[in-house]
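First the structure, in the form of structure tokens, and then the observations on it.
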Amino acid sequence: MESRLPEGWWRGRAPGRVNLIGEHVDYLGGVVLPAAVDKHTTVTGHPAKSWSVDSDVDGGLAYVRGVGEELGLGPQEVSVTSEVPPGAGISSSAALLVAVAVGARPDLDGKEAALTSQRAEQRATGVQVGVMDQFASALGQRGHALLLDCATLEYQAVPFPDELAIAVIDSGEHRSLSDTPYNERRREAEAFDPKRRRHFDSEIGRVHEFVYALGRRDFNELGRLLKQSHESLRDDFEVSTPHVDALVEQASSIAGCYGARIMGAGFGGSVLALVEASQTKTFAASIGRPVIFCSTADGAYVAARGQGQ
Ligand code: GLA
């Protein structure tokens, strides 16, 4: 049972996310296929004289304050508990932002909450992130990935099979996005640099093929598309590193792994692998790096509505 909060206090809970395919295309108005995952951040807050945050997410205060101000809240004292490890590649920042939004403003529409959280992240970090992570955290659906058109914010829930485990492998190369060429890549793609656009066009094709292969339960084809996505992110968008390339190769060669690729912004970070659910123990033992196995979950706004709030 949820404990009762004193008058004026609020609490919100939101999940992290993975992105199955459709990388570095959200801010260009492309289609993406993320899913909310079963690792959550819970935030409790109440009005105070000044902003304070007890959180182990890097820059937690700037995020919480940023989304609070976007929502028109006055200063708050906020405490955070999280199963979303920072830097592990499952978007601890989106989980934190969306948890504040759903806690303080459960009446908001999930799309508005995602856009508000995106603006807050851009303000807090100076990185011109897209809306994918916040959208998945707000509106993901258990048992599904979301096929999201980032130009219109129209989306469709795509069933995701139970037999596939989603593995997120920590490369150990951690970086703060503001220290990477993320904004530069975005500018280059917006300026129609041919290599960057080649990634965009081929990746959009792969998102549609991936959805089609999911419908046919053709897991080998999913793996082939992950491999191609990695190659395009490595060679055309140039967001991988030699260490991550080696980890992708290694993961792909383990029995029961259908395929792997760099996930999220890149420049180090994490690797996504799709693994036969019965083979997760062998995979974890063979990979030699910390790995988190995730299942799909309801997004914060979907869960809040489900509880009749
Ligand atoms: C980060 C950003 C997203 C997206 C990915 C790359 O996770 O927050 O908006 O651009 O990188 O696909």
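Counting starts at 1 for both ligands and their atoms, following the listed order. For this chain, numbers begin at 1 and follow the sequence in order.
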Is the closest N or O pair between V131 and ligand 1 shorter than 3.5 Å?
no
Strictly under 4.0 Å, does any heavy atom of Q134 approach an atom of ligand 1?
no
Going by distance only, is there an N or O of H24 that falls short of 3.5 Å from an N or O of ligand 1?
yes
Which ligand 1 atoms does R17 reach within 4.0 Å, using its non-hydrogen atoms?
7 (O)
If you compare V129, I21, D26 by their heavy atoms, the one closest to atom 3 (C) of ligand 1 turns out to be D26
Quick one: which ligand 1 atoms are inside 4.0 Å of a heavy atom on M132?
4 (C), 5 (C), 12 (O)
Out of all atoms in ligand 1, which are within 4.0 Å of some heavy atom of G264? Include the element for each.
6 (C), 11 (O)
Got the closest protein heavy atom to atom 7 (O) of ligand 1, with its distance?
D133 OD2, 2.9 Å
Give a yes or no on whether a salt bridge exists between R142 and D298, defined as a side-chain N under 4.0 angstrom from a carboxylate O.
no
Do V31 and L153 sit in the same hydrophobic cluster, where Ile, Leu, Val, Met, Phe, Trp and Tyr count as joined when their side-chain heavy atoms come under 4.5 Å apart?
yes
Quick check: Y182 and ligand 1, any N/O pair under 3.5 Å apart?
yes
Could you tell me if the ring centre of Y182 sits under 6.0 Å from that of Y27?
yes
Between E69 and R123, is there a salt bridge with N-O shorter than 4.0 Å?
yes
Would you mind running through ligand 1 and noting each atom that sits below 4.0 Å from a heavy atom of G130?
9 (O)
N-O pairing of K195 and E238 below 4.0 Å
yes
Between R224 and E209, is there a side-chain N and carboxylate O pair less than 4.0 Å apart?
yes
Enumerate the atoms of ligand 1 whose separation from the nearest heavy atom of Y27 is less than 4.0 angstrom.
10 (O)
Is the distance between the ring centroids of F237 and H24 under 6.0 Å?
yes
When the ring centroid of Y155 is compared with that of F135, is the distance short of 6.0 Å?
yes
